[in-house]
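The structure appears below as structure tokens.
A quick note: this is a predicted structure, and the numbers were derived from the prediction, not measured. Throughout, a chain's letter reflects where its sequence line sits, starting with A, and its residues are numbered from 1.
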Amino acid sequence: MSSKTEDDRAKDYRATLFLPQTEFPMKAGLPEAEPKWLARWESMNLYGRIRDAAKGRPLFILHDGPPYANRDIHSGTGLNKILKDFVVRSQGMLGKDAPYVPGWDCHGLPIEWKIEEKYRAEGKSKDDVPIDRLRRDCRDFATGWIDVQREQFKRLGCMGEWEHPYTTMNYRAEATIAGELHKFVANGLLYRGFRPVMWSPVEKTALAEAEVEYQEKTSPTIYVKFPVVGGRDDDHVEDAAVVIWTTTPWTIPGNRAIAFSKFMDYSVYEISAVQDGAFGTVGEHLVLADALSAQVATHSKITIRKLNTVRNPEDILCVHPFRGQGYDFDVPLLPGDHVTADTGTGFVHTAPGHGEDDFELMLKTFHNYAAENPDAFNIVAEDGSFRAHVPLFAGKRILTPEGKDGDANGAVIKELIAAGKLLAKGSLRHSYPHSWRSKAPVIFRATPQWFAAMDKPFKGSNGKTLRDIAMQAIRDTRWYPAAGANRIGAMVEGRPDWVLSRQRAWGVPLAIFVEKKTGKILDDAEVNARITTAFEQEGADAWFNSPPSRFLGNARNPDDYEQVRDILDVWFDSGSTHVFTVEQPIEPSWPRKDRADLYLEGSEQHRGWFQSSLLESCGTQGRAPYEAVLTHGFVLDEQGRKMSKSLGNTVLPQTIAEKNGADILRLWTASSDFTEDLRIGQDIIKTNVDAYRRLRNTIRFMLANLAGFDEAERIAAEQMPELERYILAKLAELDALVRHGYAEYDFNRVFNALFNFCTNELSAFYFDIRKDSLYCDRVDSARRRAARPVTDEVFRRVVTWLAPILCFTMEEAWTLRFPDDSVHLQLFPETPAEWHAPALIEKWNRIRTLRRVVTGALEIKRRDKVIGASLEAAPVLYLTEQSDADILKGIDFAEIAITSGAHVAAREAPPDAFSLPDVPGVAAMFHHADGDKCARCWMILPEVGRNPSHPDLCNRCADAVGATEAV
RNA sequence: GGGCUCGUAGCUCAGGUGGUUAGAGCGCACGCCUGAUAAGCGUGAGGUCGGACGUUCAACUCGUCCCGGGCCCA
């Protein structure tokens, strides 16, 4: 009975407290809430309002690297766009005008291939379809995926110019790209040459490096004898044969030389015995590398003995194994760096039309080789068959139209046996390049292609080459992390000329004419203007739809010119995006700047977009298109393995957004070190959900204790208790850290600092202490009057600081207090200079250490079931250091320790006092708090019971209740 | 095989120019509170810094090699 009365009375006092009140739910419900925020932002034109507000501020351009418009986004694209959103939002809140124009890469083989597949499914070949129809279908396909990806990116909270993105297939973009190529014509960097390129006989096209993938394949291996017809007498190579090894027998008709290594030893060997099935005969003389002779003997089923060392391999002259059958040329031996001792014979068969190294070696040795020996580059037709003029093998196919092995290898081997030039044959399973679309093997095939010259001084370059200029531009760029400069530098240093042409349909054409008589590229400003104007109005389709006379004009005879029908490498497209997006925007709403402040992509783009943009820009304007480049790592699974469908460990950003909320994915992004590879999986998501809840609850507590906060409550810092001034000092400290962190794109540092602040300073310390004052003090008490504005300051900062990361949740919190506003329209609040107080922070760090000793002492008593709540205690703190005693002067230590009382004794502690090993000179002795429990604030105080009108209250509460009742 | 890069507690991260018992948060265990309550507070147990050799009076921090992961090439 009596306990019920007490309960009722306690209930009554609840009404006299200022308990937290808020609409901000503990449970976020992000998957449902986020789309509503997106709709609200769209209807209020938030992005446009941010642009308006930022007008006149320093421009910060993050130029978007365009994703390819052919599939759903994945973890990598999601990570990339979220990081960009962090950058754009934080730069804006730091006081910059930071627009974001997203873009898409639309041309190229993958989309074209997709459309061809569709045609095939309908029983049509792509040759049955007119090119403008194919291009229209490709355009529609890309448009469809842009729409899909746009919604997926927006769902992740990424903010930008979504209504006016850039695309490489925009008519004005296509015109710009064609115009950029014309600049390469004008300055002399563009040239046509023969070159072995990766060629897919199945697709009948040259492939870019990015378009091939390596798969296991079984190839025939052959050892072939090249008869020696000349050499130094002391080498005793007469009557011998130099032996080569290759996995591509079909390249033997293309052989024109043999490469050897200057760093290997070679000898003449005699076959002393043969086993069954050997092709060699006893007494034959072979030239082999010593390091590989034993291996060759084994593979050839022969026994050999060394006759003498060959001192001058470069003097050896051989003939082709098919000499007398249409292959009547000499085969010289040339030193090559690419010759190694791991497999083969130490001699590398060299077919300049069918290998990169082979081609380089021939041209290094014979500068005009390609021009003087066209037959060496004209052996294989585009479908992978030998041309009609090739002796012995006309019409034989390297690959069937389906991509299987053809009859060419077999035919070559058969003829080698017939000629007595085969030493051995076998097979080898090895990694071999395949087309990433058709999955069929590719070959090296010499084709006429258009190139940008890396090593040729050009008009306006002051004698420098494109490579020189690009290397300098790399040095002039800031790379985050710094190693990026090495990485791209090594690639640019060693890369060959840029192959710009593709024998495809879906892309921007190399919109140029070649004068038939001279072979020169037409460089006529008027013609070029007609071309780009037509592209602007009708798209690049105009190139394929119009008669050449439309561009050549009346002054030129179309019969005198060849219209180039190749299309441009898509990397040239994306390498040109800076021109029409940043430097000369084709859309009026995009701000113009001389160059982008930042490119931000995965580290694989050192080879891709960073490099193509660099070369394009260096070729046309002599410098990089960016001030700085930031790279991120790859998203791996929880074990650090790459994601793959077969492993079933893929995590899609859309899935996380739907299940947990985009803010969780964004929090994961911020909590990871994106400069390295990132891991994600169920457990890691859960960790971030937990972290999210902590942040959310901290903010919820602030909102709840700021209910009805009025500007008039604000008071000056110097009027506040030290505890409040300590929090303000921490805010000042954080302010610098957050600004610096965002400026350096160090989101992880920002997140960690803010999270730890919320946990350690706010939740476990400041709020825990101030709860009593906020709930129980009179409205006009000095403590409460200070705690409310400080909470307000904390709220404004924590919420704006986190807004770039948790863009949805911070908006939810902000609008609860400022309903018609948006947190995303705010700048990071300025910090008053007087808040800075490093000495105060140091002092309070010590106070918190002293507090730990008391907490420890209470924990013992709690464990012993002596007390439960800390308010049951009134400990004594013994301090032997005078400095500690000084620190606590004027501080109510009971308030700090959340006890009902506390005494500070500046003397040696009794032996049974509690102390911490790492805090010498400090000890705490537990004492029960004296008196009765105040029914309102739950403190145990001697005064409770002495006030006749409020017998169950302490003095403070009696006063507070009285004040309330008076109202 | 080559270039670049990473490997600190179960997880996510800190640890300028080498120098006392390697830090934080989360998670976990245990306890408290029940006026932030599918919350809040406290205490505690977990690493010898991927491995092995070196350099040094002294190495997580420098060097070499090895193992494992990643990107880009071949």
Legend entry - Pair assignment for B:U20, Watson-Crick or G-U wobble, requiring both distances under 3.5 Å: none
Legend entry - Note, A:V651 side chain near A:I656 side chain (heavy atom, < 4.5 Å): yes
Legend entry - Donor/acceptor link under 3.5 angstrom from A:T759 side chain onto base of B:A24: no
Inset, instruction - Side chain of A:R862 only, please: which of B:C72, B:C4, B:G31 is the nearest? - result: B:G31
Inset, instruction - Hey, can you tell me if A:Y745 and A:Y480 have their rings parallel, tilted or perpendicular (30° and 60° cut-offs)? - result: perpendicular
Inset, instruction - Between B:U34 and B:C41, how far apart are the P atoms? Round to whole Å, please. - result: 15 Å
Inset, instruction - Sticking with atom P, work out how far B:C13 lies from B:U55, rounded to a whole angstrom. - result: 36 Å
Inset, instruction - Verify, without hydrogens or angle tests, whether A:T899 (side chain) and A:S870 (backbone) share a donor-acceptor contact under 3.5 angstrom. - result: no
Inset, instruction - Establish whether the base of B:C71 is bridged to the side chain of A:R487 by a donor-acceptor pair shorter than 3.5 Å. - result: yes
Inset, instruction - Give a yes/no on whether any side-chain N or O of A:R863 is located under 4.0 angstrom from OP1 or OP2 of B:G31. - result: no
Inset, instruction - List the atom of A:A764, the atom of A:N760, and the distance in Å for their closest heavy-atom pair. - result: CB-O, 3.8 Å
Legend entry - Per A:E676 side chain, nearest of listed nucleotides B:C6, B:C26, B:G35: B:C6
Legend entry - Residue A:D768, side-chain heavy atoms: nucleotide from B:A14, B:C41, B:U37 that is nearest: B:C41
Legend entry - Proximal nucleotide (of B:C11, B:G40, B:C41) relative to the A:N697 side chain: B:G40
Inset, instruction - Tell me the partner of B:U56, counting only Watson-Crick (N1-N3 plus N6-O4 or O6-N4) or G-U wobble (N1-O2 and O6-N3) with both under 3.5 Å; none if nothing fits. - result: none
Inset, instruction - Rounded to whole angstrom, note down the P distance from B:A22 over to B:U48. - result: 11 Å
Legend entry - Residue-phosphate contact under 4.0 Å: A:Y775 side-chain N/O, B:A36 OP1/OP2: yes
Inset, instruction - Looking at every strand, decide which applies to A:N486 at a 4.0 Å heavy-atom threshold: base, sugar-phosphate, or nothing. - result: nothing
Legend entry - Strand partner of B:G42, provided both Watson-Crick or wobble distances fall under 3.5 Å: B:C30
Legend entry - Note, A:L630 side chain near A:F674 side chain (heavy atom, < 4.5 Å): yes
Legend entry - Residue-phosphate contact under 4.0 Å: A:S603 side-chain N/O, B:C72 OP1/OP2: no
Inset, instruction - Would you mind telling me which of B:G70, B:U34, B:G15 lies closest to the side-chain atoms of A:W938? - result: B:U34
Legend entry - Salt-bridge contact A:K686-A:D690 (side-chain N to carboxylate O under 4.0 Å): yes
Inset, instruction - Using a cut-off of strictly less than 4.0 Å, decide whether A:R694 has a side-chain nitrogen or oxygen near OP1 or OP2 of B:C41. - result: yes
Inset, instruction - Using a cut-off of 6.0 Å, state whether more than 12 heavy atoms not belonging to A:R467 lie near its atom CZ. - result: yes
Inset, instruction - Could you verify whether a donor N or O on one side chain and an acceptor N or O on the other, from A:T809 and A:Y692, lie under 3.5 Å apart? - result: yes
Inset, instruction - Please determine, for the side chain of A:F755, which listed nucleotide (B:C26, B:C11, B:C41) has the closest atom? - result: B:C26
Legend entry - Members of residues 850-861 of chain A that approach RNA chain B, where some heavy atom sits under 4.0 Å away: A:T855, A:E859
Legend entry - A:N760 side-chain N/O to B:G25 phosphate OP1/OP2 under 4.0 Å: yes
